[in-house]
There are 4 protein chains.
Amino acid sequence: MGSLDLAGTYRDLHAHPELSLQETRTAALAAGYLRAFGYAVTENVGGTGVVAVLRNGPGPTMLLRADMDALPVEEKTGLPYASTARATDDLGNDVPVMHACGHDVHVTCLLGAAEALAADTSTWRGTLQLVFQPAEETGDGARAMLDDGFHDRFGRPEVVLGQHVSPLPAGMIGLRAGPSFAAADSLRVVLHGRGGHGSRPEACVDPVVMAAATVLRLQTVVSREVPGGETAVLTIGALNAGTKDNVIPDDAVLLLNIRTYDDDVRAHVMGAVERIVNGEAAAAGAPRPPEIEPTLSFPMLVNDAAAVEVIGRGFTEEFGAGAVADPGPVTGSEDVGFFATAAGVPCVYWLLGGADPKAFAGATDLASAKKIALSLPSNHSPLFAPVIEPTLQVGVAALVRAARTWSARTD
Amino acid sequence: MGSLDLAGTYRDLHAHPELSLQETRTAALAAGYLRAFGYAVTENVGGTGVVAVLRNGPGPTMLLRADMDALPVEEKTGLPYASTARATDDLGNDVPVMHACGHDVHVTCLLGAAEALAADTSTWRGTLQLVFQPAEETGDGARAMLDDGFHDRFGRPEVVLGQHVSPLPAGMIGLRAGPSFAAADSLRVVLHGRGGHGSRPEACVDPVVMAAATVLRLQTVVSREVPGGETAVLTIGALNAGTKDNVIPDDAVLLLNIRTYDDDVRAHVMGAVERIVNGEAAAAGAPRPPEIEPTLSFPMLVNDAAAVEVIGRGFTEEFGAGAVADPGPVTGSEDVGFFATAAGVPCVYWLLGGADPKAFAGATDLASAKKIALSLPSNHSPLFAPVIEPTLQVGVAALVRAARTWSARTD
Amino acid sequence: MGSLDLAGTYRDLHAHPELSLQETRTAALAAGYLRAFGYAVTENVGGTGVVAVLRNGPGPTMLLRADMDALPVEEKTGLPYASTARATDDLGNDVPVMHACGHDVHVTCLLGAAEALAADTSTWRGTLQLVFQPAEETGDGARAMLDDGFHDRFGRPEVVLGQHVSPLPAGMIGLRAGPSFAAADSLRVVLHGRGGHGSRPEACVDPVVMAAATVLRLQTVVSREVPGGETAVLTIGALNAGTKDNVIPDDAVLLLNIRTYDDDVRAHVMGAVERIVNGEAAAAGAPRPPEIEPTLSFPMLVNDAAAVEVIGRGFTEEFGAGAVADPGPVTGSEDVGFFATAAGVPCVYWLLGGADPKAFAGATDLASAKKIALSLPSNHSPLFAPVIEPTLQVGVAALVRAARTWSARTD
Amino acid sequence: MGSLDLAGTYRDLHAHPELSLQETRTAALAAGYLRAFGYAVTENVGGTGVVAVLRNGPGPTMLLRADMDALPVEEKTGLPYASTARATDDLGNDVPVMHACGHDVHVTCLLGAAEALAADTSTWRGTLQLVFQPAEETGDGARAMLDDGFHDRFGRPEVVLGQHVSPLPAGMIGLRAGPSFAAADSLRVVLHGRGGHGSRPEACVDPVVMAAATVLRLQTVVSREVPGGETAVLTIGALNAGTKDNVIPDDAVLLLNIRTYDDDVRAHVMGAVERIVNGEAAAAGAPRPPEIEPTLSFPMLVNDAAAVEVIGRGFTEEFGAGAVADPGPVTGSEDVGFFATAAGVPCVYWLLGGADPKAFAGATDLASAKKIALSLPSNHSPLFAPVIEPTLQVGVAALVRAARTWSARTD
């Protein structure tokens with residue numbers, strides 16, 4: 001392989017995570033390598049985004065994408081390269097930061113693939129359009145790059161390719177045609193109580209209790225209102241109210257995240273959330289109605305069936321049939337699809353196994369592997385820690401193979 | 001009256017609140033005035049506490065106490081002198097600060113009384129021991145001053161006197177013999193879940209839901225386990241978990257505050273909290289048991305009956321019989337009692353009306369006034385705003401009268 | 001003593017409990033004895049009520065009252081004379097019946113006192129008006145007897161006297177001036193869902209979940225909306241929904257019972273219940289609003305202070321000062337007060353200890369006895385079982401002494 | 001068609017529903033018709049079951065099955081032939097009874113098919129084994145008939161055929177290969193509190209509140225512990241506690257019903273129920289642990305793929321391709337599979353549309369029809385009312401066609 005120290009780069013990125021739209025160090029690091037590999041690099045696209053272009057004669061323009069941002073999670077892996085970073089979030093709070101979603105893997109692998117593809121231009125043709133995207137976690141990044149004139153400035157791709165590391169066994173690729181990643185909607189809900197002295201709740205409307213009742217009642221959306229055969233996840237990722245034991249605060253703030261695969265189910269869940277939030281506030285005697293503000297909305301990510309067949313053949317040749325499987329629709333979400341939808345071109349986005357294969361002893365198929373994965377630290381966990389190899393090598397090889405396969409295809 | 005601008009001092013203190021054990025500006029301001037009035041002043045007693053002594057011949061040593069600290073509350077009164085202060089709390093968080101409990105009234109009134117008593121030494125005899133105490137809100141201040149050798153350094157008082165502003169009508173004094181302020185206990189509860197991706201709750205144990213169930217179940221302690229005729233308040237003043245909509249956090253933190261008037265009720269409530277917190281964690285499948293850590297414990301404040309009779313007579317002469325009433329036992333708590341208990345001497349601590357008397361039109365007695373007070377911003381509310389007068393004048397007069405009355409008493 | 005076998009009569013009554021307004025056997029048994037003792041007996045007053053009059057020259061008319069009805073509780077005492085009775089309740093359900101509230105003690109003691117007073121007319125003067133009242137548990141009995149022309153038919157009494165057995169130590173009398181028994185209000189709440197197949201909750205509105213959320217939220221009325229120093233109890237005594245595991249029912253029915261001591265607190269609690277019930281139904285998406293129907297409303301029972309002093313002196317002479325104490329206001333309720341209120345005369349109603357004194361070893365006063373009583377089976381428990389003696393003898397003696405003391409009083 | 005008045009028979013059955021294992025009138029009615037049609041009829045198989053056999057030369061033995069029992073639901077359809085029946089259930093309660101699941105349709109259609117197949121033996125060959133099964137709703141009926149020597153007495157079939165009416169449009173058939181109906185498990189949970197007086201909850205452990213907390217917490221099993229892409233339904237069909245507003249009962253009884261499609265999900269849900277029920281009882285301070293008793297357990301119903309293809313071809317010829325569709329796996333459950341599993345032969349069980357086609361105006365496919373069906377009264381609803389035609393004619397034709405198609409098949 002090339003000169004890039006994959007593992008070293010990964011550890012460095014992991015130890016230096018950056019919040020959404022703050023990915024300046026990551027972007028600069030990527031831009032430096034990409035220039036060294038010979039790419040034409042443009043920085044600050046849609047904020048902190050980086051676009052690297054390499055032309056290799058006639059042939060398809062292929063967009064390969066990695067996302068760069070990390071999460072406000074306090075790392076607990078105990079790894080030598082664990083993050084101790086902190087940053088100021090959008091609300092002005094000082095928060096810990098961790099690559100708990102594995103975007104460091106994505107950046108590393110795309111850099112590795114960038115080097116390999118630049119090093120051997122005989123195996124592919126056309127134009128590479130490498131995208132290092134900011135702010136996937138907030139759903140802002142792809143849109144921001146497109147709004148910043150991506151297609152006009154860099155041209156319209158013919159296909160959008162990318163990958164996400166997951167708790168499947170390292171060495172394995174999960175690839176699926178059709179709806180593959182869920183639609184995601186986030187809501188910020190502010191419940192208004194009336195604060196006062198902790199010893200005199202009778203003179204207050206307690207927003208902590210209002211929030212607790214709301215959280216419990218929201219569980220019934222999925223348990224009672226969504227058909228058993230449909231997919232919906234409703235998570236309250238944050239509930240914050242008060243700072244002092246003997247002060248009843250004025251308000252409580254909830255951050256909700258919703259995953260669905262069907263427009264009607266999505267609409268029903270959104271309506272049910274509104275109904276429950278308002279009903280619980282009414283039950284509490286809230287002095288004024290809650291505020292419900294959408295903060296993020298991703299559509300479902302649909303992999304193009306024909307394109308998946310093309311890329312899937314390449315993967316099978318590269319990794320063997322046993323290493324490529326349909327993971328079923330996952331409840332994760334992705335804004336990579338915006339690049340494809342905006343261009344009206346197919347998207348192929350796959351799962352890259354990142355969990356230690358030793359944990360899956362006895363798993364005979366993907367279904368049993370998925371069950372074992374339930375007990376492993378998932379993406380967004382403070383314990384999320386992909387094994388470095390074979391994860392990185394497979395991730396590089398998958399991107400390289402995808403580009404070569406696509407550029408070699410004949411319709 | 002004297003040279004002290006009561007209203008101006010109050011507004012200045014109100015605009016510059018300081019968190020517990022950070023009351024350096026307040027302490028310096030008080031010390032400056034006290035020296036100017038002729039007191040022997042010692043600063044930094046028990047941290048930021050100030051003790052001012054004035055000897056006036058033979059006679060009783062009388063401790064008059066004001067507390068100085070403010071709360072992490074964001075002021076919403078809209079007053080010209082509203083606080084915009086922020087500070088760093090014990091956990092390192094940047095928080096707003098407000099005199100939401102009225103300790104600025106206490107400091108102002110004790111300074112006013114200090115001036116008046118120093119100015120006319122013919123009306124009292126003995127020794128004044130004025131205490132400007134830090135950290136009442138955290139329950140640390142009185143203990144810290146006592147631990148710093150208070151009695152050895154300044155002598156043992158014969159009586160402990162003080163007042164707390166409240167949403168009774170300004171002009172009114174609430175005075176009661178026997179148990180008057182509740183015992184208070186605070187607990188910090190950490191509920192342990194297992195964090196991960198918001199879209200994959202099945203791989204997590206959701207601490208937000210665990211906290212919500214715990215908060216709702218804790219309501220049953222007072223509603224089902226405390227006899228109707230007993231007093232108990234259990235407030236969860238803060239519930240904080242998570243920072244991001246699509247990340248299930250590892251933990252949730254609850255800050256509880258408990259008020260009781262009976263040792264057995266207190267013990268039962270404390271036991272019930274532990275039982276419920278553990279039971280709900282078990283129901284949730286928590287990976288490890290919750291942590292329950294006591295963070296504050298005040299005993300009940302018991303006013304000495306004989307001393308109350310003495311002081312009450314003085315108040316009736318000063319303000320008229322209609323202006324002095326028994327407010328019943330309140331659920332508020334106070335650490336002023338530590339000064340009395342440690343010295344083995346009587347305590348007399350009263351409520352000072354601070355609410356606009358116009359709000360009480362139609363109230364014929366204290367019972368009806370208390371009901372009206374339910375709809376007024378209470379202490380600890382972001383809207384708490386005592387009317388400046390007659391609150392301050394009555395507060396000064398009450399302290400002065402209490403000292404004169406006590407020094408004039410013959411057993 | 002007389003010919004009445006107190007213990008035998010009690011055991012017989014206990015073994016044959018009757019629901020409210022079905023007390024025909026009890027009434028007939030009482031009427032038989034009363035006639036044998038020489039009283040003028042009228043049956044079927046206000047349904048199944050019995051009034052027995054004995055004139056003994058000039059002097060006050062004194063109403064002594066016992067209630068007769070039992071409860072739909074399945075006895076689990078294992079006593080030889082335990083009830084195995086069943087009856088059809090107002091809703092047509094077949095239910096178990098038990099004297100779980102001790103009205104069998106009341107009837108027995110009033111019969112014992114009837115015999116004693118009739119046997120020795122030298123110790124009292126005036127007219128005895130013994131009332132064996134139906135339907136105290138439903139709040140209908142006293143009103144029904146008054147509506148049936150009680151005062152016109154039997155004359156207006158000068159005082160109303162009576163007692164209730166309680167888990168205080170047998171041998172002890174609890175007597176208190178002023179508000180002594182709480183106001184009681186009962187509500188029947190029907191929550192409307194939309195039933196259907198247990199496997200398809202998405203096509204239903206689940207009333208079981210709606211009821212559960214409502215029950216939990218109702219706990220906050222007492223825990224958050226009633227001042228710590230006020231008395232309020234809100235019990236949901238019954239929650240019934242559905243009969244089959246795989247059928248989601250249409251409705252859920254809740255029976256609520258509320259105890260308060262203050263009109264404003266009562267009004268607030270009633271309003272909060274309505275607000276919460278409606279808010280939770282709205283949160284659930286109920287197809288139509290809940291029905292909230294008052295089914296019972298007792299006022300507070302206030303013992304007349306002057307009359308309590310008279311009777312209390314008699315009790316102290318009879319039982320010794322140590323056996324008579326102020327139990328404080330209890331959360332129990334009573335409709336005996338209707339007889340007094342309707343006549344505009346004083347009421348004196350006391351607690352009769354019924355618990356085994358051995359259980360109270362170590363109790364030094366009533367406060368500590370009350371705490372021990374918390375762990376004993378209370379009235380309405382399936383395990384409620386007063387010790388037969390000294391309960392019955394003290395109960396008879398208290399009624400006799402009360403009548404003698406009152407008739408001997410000189411204003 | 002033949003002499004059987006389909007609509008009249010249906011209305012008669014509908015007006016005379018019978019609870020599980022009490023289907024004597026239904027069984028007698030069926031037996032009478034079947035004998036008249038020329039079948040060899042055996043009654044009282046596995047309780048109230050009826051088996052009718054018709055031999056028609058060599059060829060396959062085909063089991064056609066209808067279930068006969070109704071549900072304890074109070075009919076609210078307002079139909080002229082609505083049920084007003086009541087019966088005594090297993091617990092001795094008097095309950096309303098309704099054919100809320102449509103088993104009256106099943107019986108009617110199988111009688112119609114019985115007549116048609118007997119009337120024209122030229123269109124099929126082999127042996128018909130018609131089964132009118134009791135107690136499908138309790139999961140006891142199929143097992144009881146098998147335990148009663150079904151195979152020994154009537155021979156082993158070659159295929160098991162049957163249908164269930166559903167809120168799909170009448171005229172439509174839902175047929176699916178593979179897992180088609182969910183596994184079902186029912187649990188009876190008794191929560192133990194400690195009863196007593198409604199005014200003294202402090203002397204009790206309130207099972208109503210314990211049940212409410214348990215019901216709400218059980219919602220989190222599906223909302224938090226089952227992956228978004230898996231199917232699970234957890235319904236608490238009944239919650240019963242108490243009969244009187246002012247008596248806190250001893251116990252609460254919950255009837256749970258669980259639907260799953262995966263053994264691991266099933267095991268996890270069952271474990272989570274146990275964990276939550278016990279955790280909530282511990283949080284409540286229950287005097288003893290809850291009882292959790294399995295009352296029903298159905299396996300998943302898996303339609304044989306090859307057999308579905310055979311029967312599906314017949315349906316398409318009979319009704320047209322547009323009238324036959326794959327409804328996806330439903331959350332309903334069925335014990336018809338026991339007949340197939342016990343014999344080791346294929347099962348083909350389909351959904352028969354029963355909802356008024358006019359309600360589905362605008363539905364372009366089964367997916368949109370299923371969404372419209374969400375707002376229609378579902379099976380088990382008190383409003384469930386299939387349209388009589390074309391439901392019955394299609395139901396008869398489907399059974400007839402299935403038998404003819406199977407007997408004509410050549411492997």
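What you see is a predicted model, and the numbers here were worked out from it, not measured in a lab.
- With hydrogens and angles disregarded, a donor-acceptor distance shorter than 3.5 Å links the side chain of B:T235 to the backbone of A:G198.
- Taking all atoms of both residues into account, the shortest heavy-atom contact from A:P201 to B:V233 is CD-CG1, 3.7 Å.
- For A:D94, no part lies under 4.5 angstrom from a heavy atom of chain B.
- Heavy-atom contacts from other residues, nucleotides or ligands closer than 6.0 Å to CG of A:N93 number more than 12.
- The nearest pair of heavy atoms linking A:N240 to B:G242 is ND2-O, 3.0 Å.
- At least one side-chain heavy atom of B:H197 sits under 4.5 Å from a side-chain heavy atom of A:R259.
- A:E74 CD: 12 or fewer foreign heavy atoms inside a 6.0 Å radius.
- Side chain of B:K244 to backbone of A:E137: a donor-acceptor contact under 3.5 angstrom is found.
- Remark: A:R200 CZ to B:S166 OG distance equals 8.0 Å, nearest 0.5 Å.
- Your options are A:I258, A:I236, A:D250, and the one with the most heavy-atom pairs under 4.5 Å with chain B is A:D250.
- A pairwise comparison of heavy atoms in B:H380 and A:N246 identifies ND1-O, 2.6 Å as the closest pair.
- Each of A:C101, A:S375, A:S186 has some count of heavy-atom pairs under 4.5 Å with chain B, and the biggest count is that of A:S186.
- If you measure heavy-atom distances from A:L374 to chain B, the contacts under 4.5 Å come from both the backbone and the side chain.
- Proximity to chain A is limited to the side chain of B:D251, based on heavy atoms less than 4.5 angstrom apart.
- The greatest number of non-hydrogen atom pairs below 4.5 Å with chain B, out of A:N257, A:T331, A:D245, is found for A:D245.
- Counting heavy atoms from C-beta on, the side chains of A:P377 and B:R194 never come closer than 4.5 Å.
- Contact of B:P72 with chain A is made through backbone and side chain together, with heavy-atom distances under 4.5 Å.
- With chain A as partner, the option from B:G332, B:A373, B:G92, B:G196 having the largest number of non-hydrogen pairs under 4.5 angstrom is B:G196.
- If you tally non-hydrogen atom pairs under 4.5 Å between each of A:G195, A:S333, A:A241, A:A213 and chain B, the highest count goes to A:A241.
- The choice from B:T214, B:V253, B:V209 that makes the most heavy-atom pairs within less than 4.5 Å of chain A is B:V209.
- Interface remark: B:V208 contributes backbone and side-chain atoms alike to the contact with chain A (heavy atom separation under 4.5 Å).
- The two atoms that bring B:C204 and A:S378 nearest to each other are SG-OG, 4.4 Å, heavy atoms only.
- Each of A:A252, A:A203, A:S199 has some count of heavy-atom pairs under 4.5 Å with chain B, and the biggest count is that of A:S199.
- In this structure, chain A has heavy atoms under 4.5 Å from both the backbone and the side chain of B:T243.
- Heavy atoms closer than 4.5 Å to chain B are found nowhere in A:P207, neither backbone nor side chain.
- In terms of heavy-atom pairs under 4.5 angstrom with chain B, the leader among A:A212, A:A211, A:A182 is A:A212.
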